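One structure below.
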Amino acid sequence: MRGVVVALGGNALQRSGGPGDWAEARRHMRATAAALVEVVRDGRALAVTHGNGPQVGQLLRQNEIAEREVPPRPLDALGAESQGQIGYLIAQELEAALARARLPRSVLVFVSRMEVAVRDPAFRRPTKPVGRFYPDAEARLLRKRTGWTLVYDGARGGWRRVVPSPQPTRWVEAEAVRSLLGRSWGERVVPVIAGGGGVPVIRNRTGGFDGVEAVIDKDRSAAVVAEALGVEDLAIVTDVPGVAVGFGKTWERWLGEVTPDELAQHAKNGEFAEGSMGPKVEAVLRFLDHGGHVGTIADIPSLRRALRGEAGTRVVRTAR
Ligand code: ADP
Ligand code: MG
């Protein structure tokens, strides 16, 4: 069975601008699940990973509001919490959809850790915005009280906390999950792995790990997971139907099938924004570099056709 890791972006999980409540999350996931069922129907062994930005934002806000009564949890614990919450949502909706389609699978959620390097330069330069926007006075106070780095976003009118976004170096549970799943996992199981990029941890002196206040880009982790599972395909699902050059410009052009070299050249030319399309392109290139066959970037409506080579942006080692 040809295996695929599908990485679900924020939009595949939660409608932006929606109320952000659980009922809506379920409705939205039902639509996403329908697209994933088609992938399984096409004979693929499916593994899923996902983002967690809006959900961690909500958990951080809960922390703030409740802090007089419930001690706030650190960011790594909230990352784990979001994996459980979103993983449960995917399990509920996807398992039911697969059963209805007579393609029964158990959807298993693995709360996952990703090792990062203490020396990763990202720790000296926090870039990833988390949580809500703060007015001037509150931002000053927070900086003093917590030592956070806050950056001003003029367009959205406020200060926002930024945290480091280090590179994942190793999926901690990789060996264990691989042996648990066995060889023909695709026929029985859909694993959900490394949600939100996995919880970032660093090795400590006692042989264990410590969680860190950082966020790993879920697209980068998806490449690590895809490599560890040895799948042929990595599909990154987002809210645009693929990768464009001249994105948003009059000369915009959407890419179909491309080689890694072509894509790397576009990246060098600065075509892909750092916090959004950049890491997806980087993840796909890394995946191909480490033995992957095809890296796909698509949206939910075009996912099935993209995996059949008929839509989306497909990065293959030898394009025709
Ligand atoms: P996700 O939650 O799926 O990770 P992101 O917002 O991080 O979504 O990334 C997807 C976004 O990347 C698109 O909505 C688009 O605005 C942006 N983007 C930046 N550069 C490009 C590009 N060259 N081609 C396509 N999309 C781009
Ligand atoms: Mg993103």
Side-chain angles (χ1 to χ4, degrees), residues 5-18 20 25 28-29 31-32 35-36 48-58 79 82-83 86 89-90 114 127-131 153 155-156 160 162-163 165 167-168 192-198 215-226 234-258 260 262-287 295-303 306 311-315:
V5 167
V6 173
L8 300 174
N11 252 57
L13 296 169
Q14 195 167 313
R15 191 162 58 89
S16 62
H28 204 65
M29 182 51 64
T32 299
L36 296 176
V48 177
T49 182
H50 59 83
N52 69 349
Q55 293 80 6
V56 160
Q58 287 180 327
S82 76
Q83 285 185 33
I86 300 166
L89 177 69
I90 296 173
M114 283 282 167
T127 53
K128 176 71 187 170
V130 291
D153 182 340
R156 296 211 266 177
R160 210 164 173 210
V162 285
V163 297
S165 184
Q167 296 281 348
V192 179
I193 297 159
V215 173
I216 305 175
D217 189 280
K218 68 112 184 15
D219 299 314
R220 290 184 179 138
S221 292
V224 172
V225 167
L234 170 61
I236 297 181
V237 175
T238 184
D239 57 356
V240 284
V243 180
V245 291
F247 179 68
K249 307 279 189 340
T250 50
W251 59 88
E252 176 181 275
R253 177 169 65 89
W254 292 87
L255 302 175
E257 192 168 301
V258 292
E262 279 173 64
L263 195 64
Q265 190 54 52
H266 292 311
K268 238 184 240 161
N269 298 343
E271 292 283 353
F272 314 127
E274 194 179 325
S276 56
M277 193 48 77
K280 297 184 203 314
V281 165
E282 193 191 302
V284 163
L285 291 175
R286 178 191 167 134
F287 174 64
T296 302
I297 298 173
D299 58 9
I300 276 287
S302 62
L303 175 64
T313 298
R314 288 137 7 241
V315 192

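In this text the structure is predicted, and so the values were computed from the model without any measurement. Both ligands and their constituent atoms are indexed starting at 1 by order of listing.
- The atoms of ligand 1 that sit less than 4.0 Å from any heavy atom of Val240 are 13 (C), 14 (O), 26 (N).
- Comparing Leu8, Ile236, Thr238 by heavy-atom distance to atom 8 (O) of ligand 1, the nearest is Thr238.
- When the heavy-atom distances from atom 9 (O) of ligand 1 to Ala7, Ser276, Gly53, Gly248 are ranked, the shortest goes to Ser276.
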Report all side-chain donor-acceptor pairs from residues 263-272 shorter than 3.5 Å, counting only partners two or more places apart or in another chain.
residue, atom, partner, partner atom, Å
Gln265, NE2, Asn269, OD1, 3.3
Asn269, ND2, Gln265, O, 3.4
Glu271, OE1, Gly246, N, 2.7

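- Any N or O atom pair closer than 3.5 Å counts here, and Ala244 shares at least one such pair with ligand 1.
- The two atoms that bring Ala298 and Gly312 nearest to each other are CB-CA, 4.2 Å, heavy atoms only.
- Put simply, the side chain of Thr296 never gets that close to the backbone of Arg314: no donor and acceptor are under 3.5 Å apart.
- The CD1 atom of Ile86 sits 10.0 Å away from the CG atom of Leu8 when rounded to the nearest 0.5 Å.
- Nearest residue to atom 27 (C) of ligand 1 from His50, Met277, Glu252 is Met277 (criterion: closest heavy atom).
- For ligand 1, one of its N or O atoms has an N or O atom of Asp239 under 3.5 Å away.
- Here the NZ atom belonging to Lys280 is positioned 7.5 Å from the CD1 atom belonging to Ile297, to the nearest 0.5 angstrom.
- Of all atoms in ligand 1, numbered sequentially from 1 with element shown, those under 4.0 Å from a heavy atom of Phe272 are 23 (N).
- The Ala273 neighbourhood of ligand 1 comprises atoms 19 (C), 20 (N), with distances under 4.0 Å to a heavy atom of that residue.
- The Gly242 neighbourhood of ligand 1 comprises atoms 25 (C), with distances under 4.0 Å to a heavy atom of that residue.
- The closest approach between a heavy atom of Lys218 and any atom of ligand 1 is below 4.0 Å.
- To the nearest 0.5 angstrom, Met277 atom CE is 7.5 Å from Thr313 atom OG1.
- Applying the side-chain hydrogen bond (donor to acceptor under 3.5 Å, both in side chains) test to Glu274 and every residue at least two apart in sequence or in another chain returns nothing.
- Put simply, the residue from Leu303, Leu36, Leu13 that forms a side chain to side chain contact (heavy atoms under 4.5 Å, CB included) with Val237 is Leu303.
- The residue among Arg253, Glu271, Lys280, Glu274 with a heavy atom at the shortest distance from atom 1 (P) of ligand 1 is Lys280.
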